[in-house]
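Read through the structure below, which is laid out as structure tokens, and then see the notes.
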Amino acid sequence: MRHVPGAWSRAARGAGLLGPDGTGIPTIFAEMSALAVEHGAINLGQGFPDEDGPAVVLEAARAAIASGGNQYPPGRGTPDLRAAISEHQARFYGIPVDPDREVLVTAGATEALAATLLALIDGPDDEVVVFEPYYDAYAACVALAGARLVTVPLRRPDFQPDADDLRRAVTDRTRVILVNDPHNPTGAVLTEEVLDEVVRLAARHDAVIVTDEVYEHLVFGATHAPIARREEARERTLTISSGGKTFSTTGWKIGWVTGPAELVDAVLAVKQWLTYVNGGPFQPAIAVGLHLDDGFFAGLASTLADKHEVLAAGLRAAGFDVIPPRGGYFTVADAADLCDRLGVADADALCRLMPARAGVAAIPLTAFVTPEHRQDYATLVRFAACKRVDVIEEASARLAALGR
Ligand code: PMP
Ligand code: GLN
């Protein structure tokens, strides 16, 4: 039977998410991970750790499975996880969150984002402002919700937005300002001034602030500062996070959204028709993780910072110009010189030949921008540092051979 395009297809075509024949294209992560497998390459593309997280968290999931925690959990999430999320927000940020009314557990941060946008978008005239480059699911979820994506560029050297660009982007049509901090793919941590401006603009134009803080515990040499810590922002801010990065359990897909009860209820109204509930035995396990001591959380960031250093040294030796990250899984590097030397057009072409030629996979930054802005990021490559040090060293040695 011939597939008849639905509403998603119309929206997705505009966002560059469909192939020339109108059919879906695989995500860049699926594409590059498949190339890595095909060529036996080290995968520094898709961001997932290659080591397990804390044993007590894994053990708690096993215990939940062994003791019958295998049926549908409550719609808002298990009470122990909701309590743990509330305590986490108070302990790290001093943000009060009512575990019964202001928390919703979701199938990863991805479902939280999708349900939030579907809940808040009213129609095709609504706009969602994002910083560009953006995590690829943002454009897809905005398209699913049938809104318009408005982008504010993050510029080198430190990938902060220009205040005038931000002010121009936010208007009375803006329904949501979607802020990812720490930022994937650039590794930026947004300045207090930028966050203040987001809050001012959201208030002036009556927009909802949605934050994606999945890398909240992976900030280097500083502590994470959520927008919701500002009291004046709280009534209009939905904060999204996930256990995937913090506990190295990206496959468990336990995420959450916290914020004012009315907004959380609106997200729940959509989420219940998407997955209804998810990850029964994994929810109490993530609750155990959120209660771990401060040493665990501090160790996460410092271990990852060290890995970024090893990766940066390897990339520099291989001819990349590294832009050091301030948070998150990824290091961005400029491959302009390397592309010239190898005679390839841009980072996209380089990333497509790297798995076969060098035995290393990575992601071109053009995967995170709208089609019309690709040129601005054409020579940049994203490398995941959340891998064992010996794996990063082996990848570095392979990349060094590429440029010789
Ligand atoms: N937001 C960002 C910025 C991410 O990098 C990711 C994936 N790593 C997600 C959301 C998705 O998180 P989850 O796996 O919890 O759905
Ligand atoms: N968030 C991960 C990354 O940026 C990938 C998750 C996915 O494959 N959708 O690499």
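Indexing begins at 1, ligand by ligand and atom by atom, following the structure's order.
- Every atom of ligand 1 is numbered from 1 in the order shown, and the set under 4.0 Å from a heavy atom of Ser242 is 15 (O).
- Checking Thr151 against Glu132 by side-chain atom types alone, a donor-acceptor pair falls below 3.5 Å.
- A salt bridge between Arg148 and Asp125 is absent, with no side-chain N of the basic residue lying under 4.0 Å from a carboxylate O of the acidic one.
- A donor and an acceptor atom, one from each side chain of Tyr93 and Glu216, are located under 3.5 Å apart.
- In this structure, Phe330 has a heavy atom closer than 4.0 Å to ligand 2.
- Salt bridge annotation for Asp376-Arg155: absent, with no cationic side-chain nitrogen under 4.0 angstrom from a carboxylate oxygen.
- Counting only heavy atoms of the protein, atom 11 (C) of ligand 1 lies nearest to Thr110 OG1, 3.3 Å.
- Shown here is Arg229, whose CZ atom has more than 12 heavy atoms of other residues, nucleotides or ligands within 6.0 Å.
- Residue Thr250 places no N or O, backbone or side chain, under 3.5 Å from any N or O of ligand 1.
- Among all non-hydrogen protein atoms, the one lying nearest atom 7 (C) of ligand 2 is Phe29 CD1, 3.5 Å.
- At least one heavy atom of Lys245 sits closer than 4.0 Å to an atom of ligand 1.
- Contact annotation: Phe48 has no heavy atom less than 4.0 Å from any atom of ligand 2.
- Counting protein heavy atoms only, atom 8 (O) of ligand 2 is closest to Gln46 NE2, 2.6 Å.
- Residue Tyr135 holds the heavy atom nearest to atom 9 (C) of ligand 1 of all those in Tyr329, Tyr138, Tyr135.
- A side-chain N or O of Thr275 and one of Lys271 form a donor-acceptor pair less than 3.5 Å apart.
- Ligand 1 places these atoms under 4.0 Å from at least one heavy atom of Tyr215: 3 (C), 4 (C), 5 (O), 8 (N).
- At under 3.5 Å, a nitrogen or oxygen of Ala109, whether backbone or side chain, sits near a nitrogen or oxygen of ligand 1.
- Annotation: atom 2 (C) of ligand 1 to nearest protein heavy atom, Asp212 OD2, 3.3 Å.
- Salt-bridge annotation for Arg101 and Asp265: absent, with no side-chain N of the basic residue lying under 4.0 Å from a carboxylate O of the acidic one.
- Under the 3.5 Å distance criterion, with hydrogens and angles disregarded, a donor-acceptor pair is assigned to the side chains of Tyr138 and Asp212.
- Side-chain polar atoms of Gln46 and Ser33 form a donor-acceptor pair below 3.5 angstrom.
- For Gly47, a nitrogen or oxygen atom sits less than 3.5 Å from a nitrogen or oxygen atom of ligand 2, counting backbone and side chain alike.
- Contacts with ligand 2 closer than 4.0 Å are made by side-chain heavy atoms of Arg382 only, the backbone lying farther away.
- Considering only residues two or more places apart in sequence or on other chains, Thr246 meets the side-chain hydrogen bond (donor to acceptor under 3.5 Å, both in side chains) condition with none of them.
- Taking any N or O of Tyr215, backbone or side chain, none lies under 3.5 Å from an N or O belonging to ligand 2.
- Assignment of Thr27 to the shell around ligand 2 is not supported, since no heavy atom sits closer than 4.0 Å.
- At a heavy-atom cutoff of 4.0 Å, ligand 2 is contacted by no atom of Ile363, backbone or side chain.
- For ligand 1 and Asn184, the ligand atoms under 4.0 Å from any heavy atom of the residue are 3 (C), 4 (C), 5 (O).
- Using a cutoff of 4.0 Å between basic side-chain nitrogens and carboxylate oxygens, Arg76 and Asp100 are not scored as salt-bridged.
- Ligand 1 is never approached by Phe48 to a heavy-atom distance shorter than 4.0 Å.
- Residues Phe92 and His88 bring their aromatic ring centres within 6.0 Å.
- Of the heavy atoms in Lys253, only side-chain atoms (C-beta onward) come closer than 4.0 Å to ligand 1.
- The residues Asp346 and Arg352 are annotated as not salt-bridged, no charged nitrogen and carboxylate oxygen being separated by less than 4.0 angstrom.
- Within the listing of ligand 1, atoms 3 (C) sit less than 4.0 angstrom from a heavy atom of Asn180.
- Near Tyr135, meaning under 4.0 Å from any of its heavy atoms, are these atoms of ligand 2: 1 (N), 4 (O), 5 (C), 6 (C), 7 (C), 9 (N).
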